[in-house]
Number of protein chains: 2
Amino acid sequence: MHLLTQRILAEGKNLGQGILKVDGFINHQVDPRLMDACGQELARRFAHLGATKVLTAEISGIAPALTTAFHLGLPVVYARKQKPITMPNEIFLTLAPSHTKGRTVELIVSPEYLGAGERILIIDDFLASGQTILGLARLAQAAGARVIGIGALIEKSFEGGRALLAPLQVPIESLAIIANMDAGQIIFAE
Amino acid sequence: MHLLTQRILAEGKNLGQGILKVDGFINHQVDPRLMDACGQELARRFAHLGATKVLTAEISGIAPALTTAFHLGLPVVYARKQKPITMPNEIFLTLAPSHTKGRTVELIVSPEYLGAGERILIIDDFLASGQTILGLARLAQAAGARVIGIGALIEKSFEGGRALLAPLQVPIESLAIIANMDAGQIIFAE
């Protein structure tokens with residue numbers, strides 16, 4: 001997606017060790033018009049799959065998941081990393097190793113909002129190692145729901161997430177695919 | 001705002017001790033169309049104030065802040081509660097007691113995205129005790145920016161936040177104002 005790749009080239013920073021800083025428009029400061037355009041494009045790519053709900057993980061997944069869900073006319077559920085007091089005691093919980101945080105995080109969803117028979121579209125900001133998205137897929141499966149697609153704003157293809165998620169046998173769409181970040185550059189896949 | 005108050009009456013739950021459960025459409029599962037309508041209304045109320053940026057706190061503030069910023073054509077910054085590795089070491093940090101979490105949380109903003117001369121519109125999901133919003137205002141002031149307005153989806157007027165924020169001398173707008181949650185009810189202000 002041209003709009004996103006151009007923005008990454010203009011403002012993204014390669015901090016080394018595979019870390020891409022995009023917190024001027026995605027992760028800390030957010031450009032709502034860019035997020036809306038990305039959500040519209042992800043919605044277009046998944047529109048034919050009959051999703052009933054969008055699932056993401058707090059925090060950075062919320063903006064792209066919200067705009068995608070808006071354009072699909074669906075509710076969005078964001079997995080929490082801490083159980084809030086308003087959540088019942090019976091929950092779906094899984095653990096996902098976080099590459100960028102250097103530790104394992106909990107992903108928690110209330111059974112109130114994830115049920116058997118749902119068709120789940122998973123949306124996140126990054127597809128890197130794929131561990132967070134795989135954790136979200138486990139939550140959906142634990143609920144008896146079916147994952148029907150996976151979408152991300154930015155994929156770092158050199159971290160192998162797509163291969164990790166291949167056994168789910170669902171379409172995976174990324175709006176910008178970075179093939180190489182060695183030597184301080186940001187090189188997109190063709 | 002009729003759309004929001006009706007939704008709270010239909011689906012909100014009074015859990016006692018002033019805790020309102022609205023995680024079916026705001027805090028865990030989110031209704032993107034409702035959030036868009038709320039953002040549009042908040043944008044309308046603050047359009048004349050010349051804001052240059054919207055500021056909120058992760059996590060639940062993100063959805064309404066994003067849609068408000070979208071309709072104002074502004075970037076949105078969400079204060080982080082943990083410093084990510086992509087953030088520089090020099091940061092703006094303040095502590096805010098969280099009523100619902102029963103502890104103090106850190107609110108962190110990078111100086112890259114909050115600068116002197118900015119005109120800041122603070123948006124959050126709840127205005128209750130006002131402590132989180134006051135913390136956001138401190139961050140803006142530390143950056144030399146000026147707070148020009150405060151907006152919330154839901155105000156619990158019996159928790160005194162509006163009085164706490166009065167010294168800021170800026171317009172405060174809430175789309176639904178709950179005056180009383182005693183006796184298991186949800187009673188809106190006139």
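Every chain is numbered from 1 and lettered A, B, ... according to where its sequence line falls, protein lines coming before strand lines.
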Q: Return the option, out of L114(B), T86(B), V109(B), with the maximum number of heavy-atom pairs under 4.5 Å with chain A.
A: T86(B)
Q: Could you please spell out the steps behind the side chain to side chain contact (heavy atoms under 4.5 Å, CB included) verdict for I19(B) and I85(A)?
A: CA-CA 9 Å; I19(B) 298 168; I85(A) 52 178; 3.5 Å; yes
Q: Under a single-linkage definition using a 4.5 Å side-chain heavy-atom cutoff for Ile, Leu, Val, Met, Phe, Trp and Tyr, are F188(B) and I154(B) assigned to the same hydrophobic cluster?
A: yes
Q: Hydrophobic cluster membership, with links at side-chain heavy-atom distances under 4.5 Å among I/L/V/M/F/W/Y: are L4(B) and L9(B) in one?
A: yes
Q: Where on K53(A) is there a heavy atom nearer than 4.5 Å to chain B: the side chain, the backbone, both, or neither?
A: side chain
Q: Quick one: closest heavy-atom pair of A69(B) and P32(A), and the distance?
A: CB-CG, 3.6 Å
Q: Quick check on L74(B) against chain A: is it the side chain, the backbone, both or neither that has a heavy atom closer than 4.5 Å?
A: backbone
Q: Looking at V22(A), L15(A), D23(A), which makes the most heavy-atom pairs under 4.5 Å with chain B?
A: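 Among V22(A), L15(A), D23(A), the one with the most close pairs to chain B is D23(A).
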Q: If I measure from the heavy atoms of chain B, does S60(A) come under 4.5 Å with its side chain, its backbone, both, or neither?
A: both
Q: Of all heavy-atom pairs between Y78(B) and V30(A), which one has the smallest distance, and what is that distance?
A: CE2-CG2, 3.4 Å
Q: Are the side chains of S110(B) and H28(A) in touch, meaning some heavy atoms are under 4.5 Å apart?
A: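 They are in side-chain contact.
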Q: Taking every non-hydrogen pair under 4.5 Å, which of A65(A), A79(A), P75(A), P84(A) racks up the most with chain B?
A: P75(A)
Q: Decide if atom CZ of R146(A) counts as having more than 12 heavy atoms of other residues, nucleotides or ligands within a radius under 6.0 Å.
A: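 For R146(A), atom CZ is not crowded (no more than 12 foreign heavy atoms under 6.0 Å).
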Q: Should L66(A) and L66(B) count as side-chain neighbours, where that means a heavy-atom distance under 4.5 Å?
A: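 L66(A) vs L66(B): side chains touch.
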Q: Check R103(B) against Q82(A) and note the closest heavy-atom contact, atom names and distance.
A: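 In terms of heavy atoms, the two residues are closest at NH2-OE1, 3.1 Å.
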Q: Say you draw a straight line from CD of E58(A) to CG of N27(B); how long is it, rounded to the nearest 0.5 Å?
A: 11.0 Å
Q: Does some side-chain heavy atom of Q29(A) sit less than 4.5 Å from a side-chain heavy atom of E112(B)?
A: no
Q: Would Y113(A) and M87(A) show up in the same hydrophobic cluster when neighbours are defined by side-chain heavy atoms closer than 4.5 Å?
A: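 Hydrophobic grouping puts Y113(A) apart from M87(A).
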Q: Specify which of D31(B), L34(B), I62(B) makes the most heavy-atom pairs with chain A at under 4.5 Å.
A: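 Sorted descending by pairs with chain A, the first entry is I62(B).
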Q: According to a 4.5 Å side-chain heavy-atom criterion applied to Ile, Leu, Val, Met, Phe, Trp and Tyr, with indirect links allowed, do L42(A) and I177(A) form part of one hydrophobic cluster?
A: no
Q: Please report the shortest heavy-atom distance between I59(B) and R80(A), naming the atom on each side.
A: CD1-NH2, 3.9 Å
Q: Taking L168(A) as the starting point, is it possible to reach L55(A) by hopping between hydrophobic residues whose side chains are less than 4.5 Å apart?
A: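 Same cluster.
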